[in-house]
**Student:** 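Structure incoming, see below.
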Number of protein chains: 2
Amino acid sequence: MEKKNIRIKDIAQLAGVSSGTVDRVLHNRGKVSEEALQKVLQTLKEIDYKPNLIARTLGTKKNFRIAVIIPDPSLDEYWAHSELGVRQAITDWHQYDVQIKTYFFDLYHKHSFEQVTHSVFHAKPDGVVIAPIFYHEALPFLQQCQANKIPFTVFNTNIPEVAPLSFIGQNLYESGRVAAELMCLGNLTEGIFAILHINEDSVNSIHLLDKQKGFEEYVQEKKLPDVKIKVLNIKDTEDPKDTKGIHELLLDDTLAGVYVTTSKGVSFIAELLYQKKQKAPRLIGYDLLPENIKYLEAGTISFLINQNAKHQTFLGVQQLVNYLFLKKEPPQNNLLPLEIITKENLSSYLRSAVPHF
Amino acid sequence: MEKKNIRIKDIAQLAGVSSGTVDRVLHNRGKVSEEALQKVLQTLKEIDYKPNLIARTLGTKKNFRIAVIIPDPSLDEYWAHSELGVRQAITDWHQYDVQIKTYFFDLYHKHSFEQVTHSVFHAKPDGVVIAPIFYHEALPFLQQCQANKIPFTVFNTNIPEVAPLSFIGQNLYESGRVAAELMCLGNLTEGIFAILHINEDSVNSIHLLDKQKGFEEYVQEKKLPDVKIKVLNIKDTEDPKDTKGIHELLLDDTLAGVYVTTSKGVSFIAELLYQKKQKAPRLIGYDLLPENIKYLEAGTISFLINQNAKHQTFLGVQQLVNYLFLKKEPPQNNLLPLEIITKENLSSYLRSAVPHF
DNA sequence: TTGAAAGCGCTAACAC
DNA sequence: GTGTTAGCGCTTTCAA
């Protein structure tokens with residue numbers, strides 16, 4: 001019963017070679033005679049060898065440098081959360097020889113993204129974690145990484161063409177469906193449902209369309225003849241020209257619900273509704289930003305769908321480091337659950353920390 | 001910048017003692033002179049030493065044996081999920097010298113619980129993970145563990161008196177509030193709300209009362225004069241005497257919602273509602289049991305609150321092993337989020353696995 | 001191409 | 001009490 005674990009030494013003994021040779025075979029580092037190779041492969045086939053990852057890590061002195069590329073957190077609450085995930089990872093790994101360096105780019109200027117990726121590439125890190133917001137600019141960079149065998153994990157938005165080590169994110173279409181479902185709850189089945197894309201950095205808009213599509217299709221499937229869906233794009237909430245549509249919308253008595261597809265936008269609407277103190281439409285938004293929490297607790301926002309920026313980022317780094325450090329292959333796709341946050345379950349979410357690994 | 005990490009060796013050097021002494025101080029194994037102790041403590045205060053957990057693990061040859069005590073999974077779907085968490089942990093740790101043995105007891109017979117705890121205690125494991133369903137029987141056992149310095153983590157239901165290494169579970173009062181909140185959504189504010197405790201093993205009933213209280217208080221706070229709450233206890237769904245009340249209830253036209261506090265009970269109600277094809281009251285239950293999933297997808301069940309048995313159990317084992325193996329103190333309380341599952345976000349939950357550590 | 005051996009940071013046994 | 005030392009399983013260097 002007390003099966004001792006099989007060690008490289010054991011394999012060496014069984015195969016009649018030295019442990020060095022076994023190691024060379026295991027990592028096909030070459031410099032192994034055909035004969036020795038066969039002997040080792042043979043014994044490997046016969047037994048179930050699982051390397052001791054802990055010992056491996058200790059044996060490898062290599063000090064990794066990994067680069068995390070995200071939007072500047074000081075410009076955006078959502079990305080501020082994301083950065084917390086990096087922070088977490090940094091402190092987690094600090095004591096080992098893993099240096100995690102964060103590179104910020106300006107969410108609103110693709111040029112700054114290009115600059116950042118250039119300097120990252122120049123720094124030749126051992127791995128990259130990236131939120132590839134700007135598709136067209138990210139693509140060549142990631143291809144470069146690929147060519148140079150720099151592994152990378154991608155989160156927030158995927159770029160499947162470059163086959164990242166892993167992708168962490170959510171299914172946005174389903175996210176839209178969930179929002180629609182929550183909107184329809186309790187026979188809220190007539191009037192206007194508004195979909196608001198607020199303060200979208202234009203690059204993001206493609207993804208917001210996925211949410212919109214999910215929302216629309218759900219409503220369509222429900223066959224609600226008395227529901228009208230209205231879509232509004234608001235570039236800048238500071239610009240009266242842009243917000244005029246919103247004010248009109250909110251005055252409409254038949255407005256039954258508002259779905260804001262961006263995390264930062266919903267508190268703007270909540271604020272307006274809160275001020276006007278009118279019969280409030282149901283309001284659904286994203287993420288546990290401080291402002292959003294405030295209005296969720298006040299009851300102005302009915303639901304928040306949690307995109308869990310912190311967790312996404314943390315997982316991205318985690319999986320990359322595990323891969324580099326422990327040679328542990330992560331799952332290729334990590335679609336996180338679409339968490340529904342209400343006034344009553346909010347605190348249970350705020351309490352529970354990001355899982356530590 | 002390239003601060004090398006501080007090793008025990010470094011501390012020894014700084015304090016002018018040997019690494020053996022430092023180790024003794026760090027783990028207060030005694031056999032250290034007051035003088036040496038002070039010198040080491042002093043340098044420890046001056047620097048920020050973080051042990052290399054990886055090296056520590058490798059250095060400790062001890063092979064741990066840990067016992068997991070849960071209800072027999074073959075008797076109960078909920079606990080079947082729980083066991084999956086143990087399985088996960090077993091495979092995770094198998095290759096290291098951690099032997100995890102599961103002990104099942106009969107959920108419906110406290111005597112079997114006693115028997116199991118006896119044999120566990122007899123086996124003198126290095127640690128225990130337990131779902132202490134039977135409070136009165138669990139208490140003396142855990143006190144025994146305490147006295148014998150066998151660390152233990154507790155999940156599902158807490159026994160704070162014995163100060164477990166950690167507790168993993170949910171806040172049941174809040175859980176009830178969430179259920180009530182979901183029940184009231186969309187102005188479902190008149191008629192009967194039924195709270196059903198179904199197939200409760202009598203020991204569990206105390207905890208179900210927490211849920212009930214949360215539900216009732218939420219409704220009370222909402223001040224809904226047209227809502228009546230009805231509480232039913234159904235011991236055995238096979239017993240016509242017990243189920244008579246249910247059938248009557250379901251015939252009542254003013255029945256607006258049904259909240260089933262146990263994970264196994266809700267599919268029974270769903271089945272009845274499904275058959276009768278009547279104007280369905282809103283149905284809320286617990287957990288992603290196969291039957292429950294079926295009725296959630298069919299629309300008969302509106303919401304499931306996920307208690308995440310698998311994750312709870314997995315975490316329990318995980319934290320104990322981390323403590324034993326890496327000497328990593330877990331957080332004392334782990335109240336997991338109250339996850340709201342609907343038809344539309346279900347698949348996102350089914351997809352996402354238990355986080356691997 | 002191969003084997004032997006040092007060493008990663010820590011633990012624990014063993015002399016002194 | 002204290003310092004020394006031999007591992008833990010793996011990687012990696014260095015002779016042979």
Side-chain angles (χ1 to χ4, degrees), chain A residues 3-41 44 47-64 93-98 324-328, chain B residues 3-41 44 47-64 93-98 126 322 324-328:
Chain A
K3 262 278 189 64
K4 264 270 164 248
N5 224 284
I6 294 148
R7 285 123 66 238
I8 284 193
K9 220 190 224 176
D10 301 323
I11 301 174
Q13 201 162 20
L14 288 171
V17 297
S18 79
S19 54
T21 304
V22 176
D23 186 72
R24 278 182 282 263
V25 172
L26 285 172
H27 295 76
N28 38 28
R29 295 195 225 284
K31 312 207 175 225
V32 171
S33 68
E34 185 58 29
E35 191 196 341
L37 178 67
Q38 288 312 326
K39 282 195 290 187
V40 173
L41 288 180
L44 276 178
I47 57 160
D48 178 35
Y49 170 66
K50 299 202 173 184
N52 183 327
L53 300 183
I54 292 176
R56 174 181 311 196
T57 308
L58 197 59
T60 324
K61 31 185 135 290
K62 180 136 182 50
N63 47 347
F64 292 106
W93 290 106
H94 171 73
Q95 54 171 312
Y96 307 101
D97 258 352
V98 180
L324 252 26
F325 210 52
L326 308 174
K327 295 214 165 38
K328 228 184 184 175
Chain B
K3 263 277 188 64
K4 263 271 163 246
N5 224 281
I6 295 147
R7 285 124 65 238
I8 284 192
K9 223 189 224 178
D10 302 322
I11 301 175
Q13 201 162 20
L14 288 171
V17 296
S18 78
S19 56
T21 304
V22 176
D23 187 70
R24 278 182 284 261
V25 172
L26 286 172
H27 300 312
N28 36 32
R29 296 196 225 282
K31 313 212 175 223
V32 170
S33 70
E34 185 58 29
E35 192 197 339
L37 178 68
Q38 287 311 326
K39 283 196 289 188
V40 173
L41 288 180
L44 276 178
I47 56 158
D48 178 38
Y49 170 65
K50 299 206 174 181
N52 183 327
L53 299 182
I54 292 176
R56 174 179 293 176
T57 309
L58 199 58
T60 327
K61 36 184 130 289
K62 180 132 181 53
N63 46 345
F64 291 105
W93 290 105
H94 173 72
Q95 56 170 314
Y96 306 102
D97 257 351
V98 180
D126 297 299
N322 276 337
L324 253 25
F325 210 53
L326 309 174
K327 296 209 168 45
K328 227 184 184 178

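As a basis for the values below, the full set of heavy atoms in this structure was taken, side chains included, without hydrogen atoms, waters or symmetry mates.
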**Student:** Quick one: which residue pairs count as a salt bridge (charged side-chain N to carboxylate O under 4.0 Å, His left out) with a foot in residues 13-28 of chain B, not counting sequence neighbours?
**Tutor:**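 Salt bridge (charged side-chain N to carboxylate O under 4.0 Å, His left out) check on residues 13-28 of chain B returns B:Asp23-B:Arg29.
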**Student:** Calculate, to the nearest 0.5 Å, the distance between atoms CD1 and CG belonging to A:Ile11 and A:Leu26 respectively.
**Tutor:**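 Interatomic distance, A:Ile11 CD1 to A:Leu26 CG, rounded to 0.5 Å: 5.5 Å.
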**Student:** Take atom NZ of A:Lys31 and atom P of C:dA4, then tell me their distance rounded to the nearest Å.
**Tutor:**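 Checked: the NZ to P distance equals 19 Å.
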**Student:** Roughly how many Å is it from CD in A:Glu34 to P in C:dT2, rounded to a whole number?
**Tutor:**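 Atom-to-atom, A:Glu34 to C:dT2, this comes out as 10 Å.
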**Student:** Does D:dT2 have its OP1 or OP2 closer than 4.0 Å to a side-chain nitrogen or oxygen of B:Ser18?
**Tutor:**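 It does not, given that no N or O in the side chain of B:Ser18 lies less than 4.0 Å from OP1 or OP2 of D:dT2.
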**Student:** Whether the side chain of B:Asn28 engages the backbone of B:Val25 through a donor-acceptor N/O pair (distance < 3.5 Å, no angle test) should be reported.
**Tutor:**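 Answer holds: no.
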**Student:** What is the separation between atom CD on B:Gln13 and atom C1' on D:dT2, rounded to the nearest whole Å?
**Tutor:**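 To the nearest whole Å, that distance equals 17 Å.
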**Student:** Could you tell me whether the side chain of B:Tyr96 and the main chain of B:Phe64 form a donor-acceptor pair under 3.5 Å?
**Tutor:**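 Flag not set: sc B:Tyr96 to bb B:Phe64 has no pair under 3.5 Å.
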**Student:** Using the test side-chain hydrogen bond (donor to acceptor under 3.5 Å, both in side chains), find all partners of B:Gln38 that sit at least two apart in sequence or belong to another chain.
**Tutor:**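 With sequence neighbours excluded, B:Gln38 shows a side-chain hydrogen bond (donor to acceptor under 3.5 Å, both in side chains) to B:Glu34, given in chain and number order.
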**Student:** Starting at the 5' end of nucleotides 10-16 of chain C, put B wherever the base has a protein heavy atom under 4.0 Å, S where only the sugar-phosphate does, and a dash everywhere else.
**Tutor:** BSS----
**Student:** Whole-Å distance between D:dG7 C1' and A:Asn5 CG?
**Tutor:**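 Atom CG in A:Asn5 sits about 17 Å away from atom C1' in D:dG7.
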**Student:** Remember a base hit wins even if backbone is also touched, and classify A:Ala36 as base, sugar-phosphate or nothing at under 4.0 Å, heavy atoms.
**Tutor:**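 It contacts sugar-phosphate atoms only.
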**Student:** Take atom CG of A:Asp10 and atom C1' of D:dC10, then tell me their distance rounded to the nearest Å.
**Tutor:**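 About 13 Å, once rounded to whole Å.
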**Student:** OP1 or OP2 of C:dT1 less than 4.0 angstrom from a side-chain nitrogen or oxygen of A:Thr21, does that happen here?
**Tutor:**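 Checking C:dT1 against A:Thr21, no side-chain N or O comes under 4.0 Å of OP1 or OP2.
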**Student:** Can you name the side chain to side chain contact (heavy atoms under 4.5 Å, CB included) partners of B:Ala36, sequence neighbours left out?
**Tutor:**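 Testing B:Ala36 for side chain to side chain contact (heavy atoms under 4.5 Å, CB included), a comparison that skips the adjacent residues, returns B:Val17, B:Thr21, B:Val32, B:Ser33.
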**Student:** With a 6.0 Å cut-off on the ring centroids, do B:Phe325 and B:Trp93 count as close?
**Tutor:**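 Yes, ring centres under 6.0 Å apart.
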**Student:** Mind checking what makes side-chain hydrogen bond (donor to acceptor under 3.5 Å, both in side chains) contact with B:Asp126, not counting sequence neighbours?
**Tutor:**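 Expected list: B:Lys62.
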**Student:** Within this structure, what is the CZ-to-P distance between A:Phe325 and D:dT11, rounded to whole angstrom?
**Tutor:**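 Going from CZ in A:Phe325 over to P in D:dT11 covers 13 Å.
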**Student:** Return the set of residues passing side chain to side chain contact (heavy atoms under 4.5 Å, CB included) with A:Lys50 (not counting sequence neighbours), or none when no residue passes.
**Tutor:**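 A:Asp48, B:Gln95.
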**Student:** Over the length of the helix from C:dT1-D:dA16 to C:dC16-D:dG1, how much do the five-pair end axes diverge, rounded to 10 degrees?
**Tutor:**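 Both end axes considered, the difference amounts to 50°.
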